[in-house]
Amino acid sequence: QVQLVESGGGLVQAGGSLRLSCAASGRTSSTYDMAWFRQAPGKEREFVAAIGWSGSGAYYADSVKGRFTLSRDSAKKTLYLQMNSLKPEDTAVYYCAASGKPGTFYGGTYDQHYEYAIWGQGTQVTISS
């Protein structure tokens with residue numbers, strides 16, 4: 001069993017930065033590929049970024065490319081999302097997710113929420129204009 005706990009959300013002005021963390025505990029060897037999704041009020045959950053098990057590559061949604069950076073510290077069992085140049089439209093609850101199986105990242109379905117079996121509780125990010 002794997003548990004994911006997000007932290008680092010908050011309220012910042014447009015143009016500011018935040019770093020989200022996702023700490024994994026339990027049977028972390030079974031996390032495999034990981035990702036961040038976000039959900040704004042009244043909208044569907046959308047893909048933000050994904051990283052493979054090895055941490056050597058990442059995919060980003062077009063809306064965050066160039067502003068967000070995903071990294072993974074295997075020793076600390078923590079996933080990070082560095083968010084720069086934040087915009088009001090980035091306001092959402094951000095969720096960390098783990099696939100729990102191999103093949104999601106390189107299989108091309110890394111942006112599909114149904115590929116991820118393990119989810120955190122979410123952390124609120126609010127960007128003021």
Side-chain angles (χ1 to χ4, degrees):
Q1 194 82 5
V2 177
Q3 295 80 41
L4 302 175
V5 178
E6 302 98 331
S7 61
L11 170 65
V12 297
Q13 289 186 331
S17 299
L18 281 173
R19 188 175 82 156
L20 304 184
S21 298
C22 172
S25 62
R27 193 178 174 185
T28 56
S29 61
S30 60
T31 54
Y32 290 97
D33 305 323
M34 298 188 73
W36 287 93
F37 287 77
R38 66 187 182 186
Q39 188 166 19
K43 295 187 177 181
E44 294 186 352
R45 190 169 298 191
E46 66 171 353
F47 168 76
V48 176
I51 192 165
W53 173 241
S54 66
S56 61
Y59 288 111
Y60 299 91
D62 289 342
S63 59
V64 307
K65 201 172 293 183
R67 301 188 297 122
F68 291 11
T69 302
L70 189 57
S71 61
R72 184 171 189 167
D73 187 328
S74 297
K76 293 183 178 180
K77 301 177 182 179
T78 302
L79 182 70
Y80 300 101
L81 183 67
Q82 177 66 44
M83 306 187 297
N84 299 326
S85 302
L86 285 161
K87 305 175 181 179
E89 50 264 44
D90 294 319
T91 295
V93 177
Y94 283 69
Y95 296 92
C96 174
S99 64
K101 60 180 175 67
T104 298
F105 186 74
Y106 293 106
T109 54
Y110 52 84
D111 58 348
Q112 302 300 310
H113 64 85
Y114 57 75
E115 287 286 357
Y116 297 88
I118 306 160
W119 292 81
Q121 82 289 349
T123 185
Q124 176 70 47
V125 171
T126 304
I127 312 303
S128 62
S129 57

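How far OG of S71 is from CG of L79: 7.0 Å, rounded to the nearest 0.5 Å. Considering OH of Y116 and CE of M34, their distance stands at 9.5 Å, rounded to 0.5 Å. Within the model, atoms CD of Q13 and OG of S128 stand 5.0 Å from one another, a figure rounded to the nearest 0.5 Å. To the nearest 0.5 angstrom, Q82 atom CD is 8.5 Å from L18 atom CG.
Ring-plane geometry between W119 and Y95 is classed as perpendicular, the angle between the planes exceeding 60 degrees on a 0 to 90 degree scale with a lower cut at 30. Ring orientation note: the planes of F37 and F47 are nearly perpendicular, at an angle over 60° on the 30°/60° scale.
Residues K43 and Q39 share a closest heavy-atom pair of O-NE2, 3.1 Å. Summarising the geometry of A92 relative to A40, their closest heavy-atom pair is CB-N, 3.8 Å, with the distance given to 0.1 Å. Across every non-hydrogen atom of T123 and G9, the tightest pair is OG1-N, 3.2 Å. In terms of heavy-atom proximity, V48 sits nearest to F68 at CG1-CD2, 3.8 Å. A pairwise comparison of heavy atoms in C96 and L4 identifies O-CD1, 3.8 Å as the closest pair. In terms of heavy-atom proximity, P88 sits nearest to A14 at CD-CB, 4.1 Å.
Remark: the backbone N or O of Q121 is paired with a side-chain donor or acceptor of E6 at under 3.5 angstrom. No donor-acceptor pair closer than 3.5 Å links the side chain of R72 to the backbone N or O of D33.
By the salt bridge (charged side-chain N to carboxylate O under 4.0 Å, His left out) test, R67 pairs with D90, sequence neighbours left out. For P102, the side-chain contact (heavy atoms from CB on, under 4.5 Å) partners are Y32, not counting sequence neighbours. With sequence neighbours excluded, the residues satisfying salt bridge (charged side-chain N to carboxylate O under 4.0 Å, His left out) with K101 are E115.
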Q) Going through the checks in order, is the side-chain contact (heavy atoms from CB on, under 4.5 Å) test met by L20 and M83? A) CA-CA 8 Å; L20 304 184; M83 306 187 297; 3.7 Å; yes
**Q.** Worked check of side-chain contact (heavy atoms from CB on, under 4.5 Å) between F105 and S99
**A.** CA-CA 9 Å; F105 186 74; S99 64; over 6 Å; no
Q | Residue pair R19, Y80: steps toward the side-chain contact (heavy atoms from CB on, under 4.5 Å) verdict | A | CA-CA 7 Å; R19 188 175 82 156; Y80 300 101; 3.6 Å; yes
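Both V125 and W36 belong to a single network of hydrophobic side chains, linked directly or stepwise wherever heavy atoms of I, L, V, M, F, W or Y lie under 4.5 Å apart.
Under the 4.5 Å side-chain criterion, counting only non-hydrogen atoms from C-beta, I127 is in contact with V12. Side-chain contact between I118 and Q3: absent, with no pair of heavy atoms (C-beta onward) separated by less than 4.5 Å. Looking only at side-chain heavy atoms (C-beta outward), Y60 and T69 come within less than 4.5 Å of each other. Inter-residue side-chain proximity for S63 and R38 is flagged as met; some heavy-atom pair is nearer than 4.5 Å.
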